[in-house]
Amino acid sequence: MATETVGGLTVEHQPPAGRARHLPLLLIHGMWGGAWYWESYMRFAADAGWDVWAVNLRGHHGSRPVADLGRVSVRDYLADVAAVLEAIGPAAIVGHSMGGLIAQMAATRPDVRAAVFLTSAAPRGIVVLRWPVLSRLARYMPAMVAQRPFKTRDEDAVALLLNGMTPAARTAALPRFVPESGRAGLELALGLLAVNPRDVRCPTLVMGASDDQITPVAVQRRIAARYDAHYLEAPHHAHMLMLEEDWQPPCRQILDWLAAHT
């Protein structure tokens, strides 16, 4: 795996093993994350012939440093994805969590040939937040309203994001999460970002996870209905499927669907 720079963005690149498929695959991370958490999926996809790229969105892990991360919008992150797409050409995309909503927005582009929304944040019109989530996220609202960078407490991250991971995997992952934009967090929390489903013309897949606490399966089914997308559900998995034990079956399902629709 190689680290490359595209338009000031730090991008991880895993070339295909053997004969390459005709489209590259671009992976988009979620809040507080980075390209690092896609490593298992990247190697698995490369072994299946995909030329795989994973972007670090601006302000994350040294990628396109910004003067004020707190004021970065989700549409700024969408511009980062657009910059990578323009560099690598038409592609299939997979977005996780906030990256799933970015992928929904990017799927309106003609150079996106298929899109997967994995335990995804929702567009405007689909309510996501429930009391167990609100009770934990309320403490971060001042930072979001003030458009300051913020990071979740470890106990909140474990309860909402990492509940499907082993203790050892949690211990390894928690130090790698980084501060996130308060503005982007507010846009997601208040459901401010609209996507016109008529503008999404490529094949789409939504994957939910049965034990997801922050973007639950009820929300994922509504996202799938919004786009008339194919829907799959990963049993015994939570929000961070790619870092959980037995991560291969959901990844294989995603790759099989992409192979059939590109």
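Residue numbers start at 1 and run along the sequence shown.
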* Asked: Does Asp47 use its side chain to pair, donor to acceptor, with the backbone of Phe44 at less than 3.5 Å?
  -> no

* Distance only, no hydrogens: is a donor on one side chain within 3.5 Å (strictly under) of an acceptor on the other, for His13 and Asp51? -> yes

* Check against ring pair (Phe, Tyr, Trp, His ring centres under 6.0 Å), Trp36 and Phe177 -> CA-CA 10 Å; Trp36 63 270; Phe177 287 95; 5.4 Å; yes

* Asked: Between Leu192 and Arg124, which heavy-atom pair has the shortest distance, and what is it?
  -> O-NH1, 4.0 Å

* Asked: Between His261 and Trp257, is there a donor-acceptor pair closer than 3.5 Å when you use the side chain of the first and the backbone of the second?
  -> yes

* State, with a plain yes or no, whether a side-chain heavy atom of Leu255 is found less than 4.5 Å away from one of Leu25. => yes

* What is the ring orientation for Phe150 with Tyr140, classed by angle as parallel under 30°, tilted 30 to 60°, or perpendicular over 60°? -> tilted

* Asked: Judged by atom type as modelled, is there a donor-acceptor pair below 3.5 Å linking the side chain of Arg148 to the main-chain atoms of Val145?
  -> no

* Asked: Do the non-hydrogen side-chain atoms of Asp212 and Val217 ever get within less than 4.5 Å of each other?
  -> no

* Asked: Would you say the side chain of Leu118 lies within less than 4.5 Å of the side chain of Tyr41, judging by non-hydrogen atoms?
  -> yes

* Asked: With a 4.5 Å limit on heavy-atom distance, are the side chains of Leu258 and Val116 in contact?
  -> yes

* Atom CZ of Arg75 and atom CD of Glu187: how far apart are they, to the nearest 0.5 Å? -> 8.0 Å

* Asked: Would a 4.5 Å heavy-atom cut-off, applied to side chains only, mark Leu101 and Pro123 as touching?
  -> yes

* Going through the checks in order, is the side chain to side chain contact (heavy atoms under 4.5 Å, CB included) test met by Glu244 and Leu162? -> CA-CA 8 Å; Glu244 297 169 8; Leu162 314 185; over 6 Å; no

* Might you work through the side chain to side chain contact (heavy atoms under 4.5 Å, CB included) test for Leu137 and Leu160, ending with a clear yes or no? => CA-CA 10 Å; Leu137 293 187; Leu160 299 177; 4.0 Å; yes

* Asked: CE/Met207 to CD/Glu233 distance, rounded to the nearest 0.5 angstrom?
  -> 9.5 Å

* N/O donor-acceptor pair under 3.5 Å between Gln220 side chain and Thr215 backbone -> yes

* Is any side-chain heavy atom of Leu232 less than 4.5 Å from a side-chain heavy atom of Ile254? -> no

* Structure fact -> In this structure, CD of Gln253 is separated from CG of Leu205 (nearest 0.5 Å) by 8.5 Å

* **Atom of Ala46, atom of Pro15 and distance for their closest heavy-atom approach** => CB-O, 3.4 Å

* Using distance alone, with no hydrogens and no angle criterion, decide if Thr119 and His96 have a side-chain donor and acceptor under 3.5 Å apart. => yes

* Structure fact -> Between Ala20 and Pro16 the two heavy atoms that sit nearest each other are CB-CG, 3.6 Å

* Give the C-alpha distance, both sets of side-chain angles, the deciding distance and a yes or no for side chain to side chain donor-acceptor pair (under 3.5 Å) between Arg183 and Gln147. => CA-CA 5 Å; Arg183 178 179 176 182; Gln147 299 189 8; 5.1 Å; no

* Kindly indicate, with the supporting measurements, whether the criterion side chain to side chain contact (heavy atoms under 4.5 Å, CB included) is fulfilled by Leu241 and Trp247. => CA-CA 6 Å; Leu241 296 86; Trp247 57 264; 6.0 Å; no

* Asked: Thinking salt bridges, do Arg139 and Asp156 make one under a 4.0 Å N-O criterion?
  -> yes

* **pair Met1-Trp38: side-chain heavy atoms closer than 4.5 Å** => no

* Passes side chain to side chain contact (heavy atoms under 4.5 Å, CB included), Arg170 versus Val158? Steps please. -> CA-CA 7 Å; Arg170 292 172 187 166; Val158 168; 3.8 Å; yes

* Asked: Is it true that atom CD of Glu245 has more than 12 heavy atoms of other residues, nucleotides or ligands lying nearer than 6.0 Å?
  -> no

* Structure fact -> d(Tyr227 OH, Asp199 CG) to nearest 0.5 Å is 10.0 Å

* Asked: Would you call Gln14 and Trp50 a side-chain contact if the rule is heavy atoms closer than 4.5 Å?
  -> no

* Asked: Is a side-chain N or O of Asn56 found less than 3.5 angstrom from the main chain of Gly34, in a donor-acceptor match?
  -> no

* Please determine, by modelled atom types, if His239 and Ser97 share a side-chain donor-acceptor pair under 3.5 angstrom. => yes

* What's the shortest heavy-atom distance between Ala91 and Leu23, and which atoms? -> N-CD2, 4.1 Å

* To do: Take the angle between the ring planes of His29 and Tyr37 and call it parallel below 30°, perpendicular above 60°, tilted in between.
  => perpendicular

* Structure fact -> Closest non-hydrogen contact found for Leu243 with Ala169 is O-CB, 4.1 Å

* How many angstroms lie between atom CD of Gln104 and atom CD1 of Ile28, to the nearest 0.5 angstrom? -> 10.5 Å

* Check: Asp80 side chain, Leu57 main-chain N or O, donor-acceptor pair, under 3.5 Å -> no

* Are the side chain of Arg19 and the backbone of Gly49 linked by a donor-acceptor contact shorter than 3.5 Å? -> no

* Between CG of Leu85 and CZ of Arg109, what distance do you get to the nearest 0.5 Å? -> 5.0 Å

* Using atom types as modelled and distance alone, determine if a side-chain donor or acceptor of Ser210 lies under 3.5 Å from a backbone N or O of Pro235. => no

* ILVMFWY cluster, Val178 and Leu161 together (side-chain gap under 4.5 Å) -> no

